[in-house]
Amino acid sequence: MKHARPLHSYRLLRRFDRWNAYTLKTRRAAFAEAVAAGRSVVVHSPLFGAVDIEAIEAHLKTSGYGGGLQLPATMVASITRYASSAPCRQGNNAETFLIDEVQQGRSPAGAEIAVADVDAPDNCPDVETLQHDAVIRTLATRFLGYPPTECLTRLYWSPASTMGEEERRWAGQTIDYHYDIEPRHTLYVYFYLTNVDVRAGAHVLIRGSHQQKNWRLKLSSTRQTERTLFRYYSRDRVTIVEGKAGFGFLADPACYHKALAPDSDRRLMLQLRIS
């Protein structure tokens, strides 16, 4: 299947809390002093101003989600211009195109496009600035328990179309609930660069599911149907993350999440995977 991944040992071991605690213990002890230095309640940065780090951190810890960031309009415009002028591609397909060349969910060559990744997002100066921002780095340090050493960037469009669910799955769009298992302890940071609502590709998550998985869920596929998940989680835990262009939020990758398929407006999203 399109979502299948190679079987690596970490994809099994990192499902279990005791293994994660064991692997993190040494790294966190080694960097305890550095972490302690980042314990101030409010952090200032040129991008975000004064941010209450503890409030975001507390929400992230309990629910697996933390909002409250907002990019300046000038940065949103700059990154959007870059994403509009840089070549895009879907997955590992050879065809490249500009996002404005995608019409009715199809590329110039006629391929169905559910997700279009922008080539070389790190070449955008504002993306690089964001990676080194004091607020982002402090939040990551407190989440990880040690200063981050790697930041992987993804900048991608989700064009609006009437594409069916099966076509979206085969095109790599994650419209089903799943959680992610990374090789290292990782924090996800997202920014909407377009206005996003339920018809424009909103991110959806089940609050608290990053910590509360029974053995059946831990030992089965990371992707699950709603019928299976709502036998275990109550539906009132579902959060639909809507926001204006520039809205930013943090997520624990172990939290069950998915994307709503956009059918009215295309979505541009920036994702930082910090570890």
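- Judged by distance alone, with hydrogens and angles left aside, the side-chain atoms of Gln70 form a donor-acceptor pair with the main-chain N or O of Ala245 at under 3.5 Å.
- Enclosure of atom CZ in Arg231 by more than 12 non-hydrogen atoms of other residues, nucleotides or ligands within 6.0 angstrom is indicated.
- A donor atom on one side chain and an acceptor atom on the other are found under 3.5 Å apart for Gln173 and Arg168.
- Nearest approach of Gly201 to Val196, heavy atoms of both residues: C-CG1, 3.9 Å.
- Note on Leu193: it clusters hydrophobically with Ile136, by side-chain heavy-atom contacts below 4.5 Å among ILVMFWY residues.
- Atom-to-atom distance recorded for His210:NE2 and Leu60:CG is 6.5 Å, nearest 0.5 angstrom.
- We find the CD-CD1 distance between Glu165 and Ile175 to be 4.5 Å, quoted to the nearest 0.5 Å.
- In the model, Tyr188 has a side-chain atom that pairs as donor or acceptor with a side-chain atom of Asp180 under 3.5 Å.
- The closest side-chain heavy-atom distance from Leu229 to Leu217 is below 4.5 Å.
- With hydrogens and angles disregarded, a donor-acceptor distance shorter than 3.5 Å links the side chain of Thr141 to the backbone of Arg137.
- Taken from CD1 in Ile99 to CG in Leu268, the straight-line distance is 8.5 Å, to the nearest 0.5 Å.
- Residues Gln131 and Cys151 share a closest heavy-atom pair of CG-SG, 3.8 Å.
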Run the numbers on Leu139 and Ile56 for side-chain contact (heavy atoms from CB on, under 4.5 Å), then give the verdict. CA-CA 8 Å; Leu139 285 166; Ile56 297 176; 4.0 Å; yes
Run the side-chain contact (heavy atoms from CB on, under 4.5 Å) check on Tyr190 and Leu272 step by step: do they pass? CA-CA 6 Å; Tyr190 296 96; Leu272 306 178; over 6 Å; no
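- The main-chain N or O of Ala109 is found under 3.5 Å from a side-chain atom of Glu95 such that the two form a donor-acceptor pair.
- The pair Glu57-Lys61 does not meet the salt-bridge criterion, since no charged nitrogen lies less than 4.0 angstrom from a carboxylate oxygen.
- The main-chain N or O of Ala160 is never found under 3.5 Å from a side-chain atom of Arg266 such that the two would form a donor-acceptor pair.
- Within 6.0 Å of CG on Asn92 lie no more than 12 heavy atoms contributed by other residues, nucleotides or ligands.
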When you look at Arg273 and Glu150, which way does the salt bridge (charged side-chain N to carboxylate O under 4.0 Å, His left out) test go after all the steps? CA-CA 8 Å; Arg273 296 190 178 196; Glu150 185 175 51; over 6 Å; no
Trp157 and Cys88: side-chain contact (heavy atoms from CB on, under 4.5 Å), yes or no, with the steps? CA-CA 9 Å; Trp157 295 94; Cys88 301; 3.9 Å; yes
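- Side chain of Tyr233 to main chain of Gly208: no donor-acceptor pair is present (N/O by atom type, distance under 3.5 Å, no hydrogens or angles).
- Summarising the geometry of Gly105 relative to Ser161, their closest heavy-atom pair is CA-CB, 3.8 Å, with the distance given to 0.1 Å.
- With hydrophobic clusters built from ILVMFWY side chains whose heavy atoms lie under 4.5 angstrom apart, Phe143 does not share a cluster with Leu205.
- At a threshold of 4.5 Å between non-hydrogen side-chain atoms, the residues Lys258 and Asp176 do not count as touching.
- Side-chain atoms of His257 do not come within 3.5 Å of backbone N or O of Ile206 as any donor-acceptor pair.
- Leu144 and Phe249 are assigned to two separate hydrophobic clusters, defined by single-linkage of ILVMFWY side chains at heavy-atom distances under 4.5 Å.
- Shown here for Tyr82 and Val118, the closest heavy-atom pair between the two residues is CE2-CG1, 4.1 Å.
- For the residue pair Pro108 and Phe97, the shortest heavy atom distance occurs at CD-CB, 3.8 Å.
- Atom CE of Met269 and atom OH of Tyr192 lie 5.0 Å apart (nearest 0.5 Å).
- Considering every non-hydrogen atom in both Ala202 and Val241, the closest pair reads CB-O, 3.6 Å.
- In summary, Asp263 and Arg199 engage in a salt bridge, as defined by a charged side-chain N under 4.0 Å from a carboxylate O.
- Leu47 CG to Leu69 CG: the interatomic distance, rounded to the nearest 0.5 Å, is 10.0 Å.
- The hydrophobic clustering, which links ILVMFWY residues whose side-chain heavy atoms are closer than 4.5 Å, places Ile79 and Phe247 apart.
- Atom CD of Glu128 is surrounded by 12 or fewer heavy atoms from other residues, nucleotides or ligands within 6.0 Å.
- Of the N and O atoms on the side chains of Glu182 and Ser275, not one donor lies less than 3.5 Å from an acceptor on the other residue.
- For the pair Asp265/Asn195, no side-chain contact is recorded, criterion being any heavy-atom separation below 4.5 Å from C-beta on.
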Please step through side-chain contact (heavy atoms from CB on, under 4.5 Å) for the pair Thr96 and Arg89, ending with a clear verdict. CA-CA 5 Å; Thr96 61; Arg89 71 180 72 237; 3.2 Å; yes
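- Here CG of Leu130 is found 8.5 Å from OG1 of Thr153. Values are rounded to the nearest 0.5 Å.
- No side-chain donor from either of Asp252 and Gln211 sits under 3.5 Å from a side-chain acceptor of the other.
- Linking Ile, Leu, Val, Met, Phe, Trp and Tyr residues whenever their side-chain heavy atoms come within less than 4.5 Å leaves Val115 and Leu155 in two separate clusters.
- Not a single donor-acceptor pair under 3.5 Å links the side chain of Gln224 to the backbone N or O of Tyr177.
- Crowding of Gln104 atom CD: a count of heavy atoms from other residues, nucleotides or ligands under 6.0 Å not exceeding 12.
- The main-chain N or O of Val135 is never found under 3.5 Å from a side-chain atom of Ser45 such that the two would form a donor-acceptor pair.
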